[in-house]
Amino acid sequence: MKRIYMDHAATTSTDVEVVKAMEPYFTLKYGNPNSVHSFGQEAREAVEEARGKVAHLIGANPAEIIFTAGGTEADNYAIKGIAWANQKKGNHIITSKIEHHAVLHSCQFLEKQGFKVTYLPVDKYGLIDSEDVKKTITDKTILVTIMHANNEIGTIEPIKEIGKVVKDAGVYFHTDSVQTTGHIPIDVNDLGVDMLSMSGHKFYGPNGVGVLYLRKGTKIINLIDGGAQEKNRRAGTENVAGIVGLGKAAELAEKRLAKGTEDRVVKLRDKLIKGIMNKIENVRLNGHPTNRLPGNANLCFEFIEGESMLLSLDMEGVAASSGSACTSGSLKASHVLLAIGLPPEIAHGSLRLTLGKDNTEEEIDYVIDILPGIIEKLRALSPFKGNWKGLN
Ligand code: PLP
């Protein structure tokens, strides 16, 4: 059976060109970039070249790029680092209810230390209102952290608009761009952000490597202490091969953005959404209808539960994901779907199909073809049938 991957928001394949670029740094060019000898210098050059490529992708200065072990670390660093460094000025942080757990749990950790956090609501599409940000800022606010696009429902937030409000108030602004980097154009100056998190494995780079963009002059305390790597801002011997891979992924992403590859993904996504909604009744599209990530299709199907859809799809060779996660025997509805106002029983019926650069039209047709049968079967078995009100 042919296997079809539609879970690119979870992770992407590593591009073969990225793997090729990384390979010598395991076996031939394995020096420690902090060593003075030629092996070390060769590795140092590669790290700096990668830094330049990543900076170019987001319109930053290479000196403002700090390599981390992924998006989670970058989010932790930005939030905890700003909070600890600026607590004399204030103890208030603003974020949203739909952030990734890397952000939400960092904020909750800080609350235990006495910081105050406001979790802004979103509208039915998952959009944050910049007016709400403006109204919530006080003279104690030190950080606003709002994601660039949501990983579950794909909604792209008005970061530029929020950036203006935050800048006017003289507050630091961080955005988690883990889902947008490499998929939509990003310019840190245009967006008006002081910090931005990214992750290699979400745009065809390797796992376990990411970046915190840190605007020059930002007052921050280190998250990881040790050696003087990354200009004293992130200790630990650099993941040279990973960093080289991330640099290559950034270079390739820039080329794809120029070539319009993501426009093709948008067309496939819209075909998938339309095809499913035309063929199946009682379906709802989650997230903003147009202002969403190129590859994201997130739908709720009345009367059924996400995990059963995932298992049925997997048996037909299709890899997807759901906002409904089975943890320790109980079903927990996604905090994002609840925040856009869905009742838990509807949120449990969510299916996320996220497309990537290598998905084909035939794969879209296949899913549109098999999904109605799967839904029909599951609905026939559903004990809830008829209990819920109509959607939309
Ligand atoms: N932020 C968002 C929005 C994400 O989607 C993810 C990963 O799913 C992360 C942060 C964490 O990134 P990483 O897997 O690199 O730690």
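In each ligand, atom 1 is the first atom listed, and ligand 1 is the first ligand listed.
- For Asp365 and Lys271, the salt-bridge test passes: some basic side-chain N is under 4.0 Å from an acidic carboxylate O.
- Taking atom 11 (C) of ligand 1 as the reference point, the nearest protein heavy-atom neighbour is Thr72 OG1, 3.3 Å.
- None of Lys357, Lys255, Lys20 except one satisfies the salt bridge (charged side-chain N to carboxylate O under 4.0 Å, His left out) rule with Asp15; the exception is Lys357.
- By the 6.0 Å contact criterion, CZ on Phe39 is open, its count of non-hydrogen atoms from other residues, nucleotides or ligands being 12 or less.
- If you look at Asp75 next to ligand 1, the close heavy atoms, those under 4.0 Å, all belong to the side chain.
- Between Glu111 and Lys116, no side-chain nitrogen of the basic residue sits less than 4.0 Å from a carboxylate oxygen of the acidic one, so the salt-bridge criterion is not met.
- Of all protein heavy atoms, the one closest to atom 15 (O) of ligand 1 is Ser199 OG, 2.6 Å.
- Close approach of ligand 1 to His201 (heavy-atom distance below 4.0 Å) involves ligand atoms 13 (P), 14 (O), 15 (O).
- Around OH of Tyr366, the count of heavy atoms belonging to other residues, nucleotides or ligands within 6.0 Å exceeds 12.
- For atom 5 (O) of ligand 1, the nearest protein heavy atom (residue, atom name, distance) is Gln179 NE2, 2.8 Å.
- Looking only at heavy atoms of the protein, atom 10 (C) of ligand 1 is closest to Asp176 OD2, 3.4 Å.
- At the top of the distance list for atom 4 (C) of ligand 1, counting protein heavy atoms only, stands His100 CD2, 3.3 Å.
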Could you give the side-chain donor-acceptor pairs of residues 157-169 under 3.5 Å, partners two or more places apart or in another chain?
residue: Glu157; atom: OE1; partner: Ile128; partner atom: N; Å: 2.8
residue: Lys160; atom: NZ; partner: Asp190; partner atom: OD1; Å: 3.0
residue: Glu161; atom: OE2; partner: Ser130; partner atom: OG; Å: 3.0

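- When the shell of 6.0 Å around NZ of Lys88 is examined, it contains 12 or fewer heavy atoms from other residues, nucleotides or ligands.
- Protein heavy atom closest to atom 13 (P) of ligand 1, with residue, atom name and distance, is Gly71 N, 3.5 Å.
- At least one heavy atom of Lys202 sits closer than 4.0 Å to an atom of ligand 1.
- Atoms of ligand 1 found under 4.0 Å from any heavy atom of Gly70, numbered from 1 in the order shown, are 15 (O).
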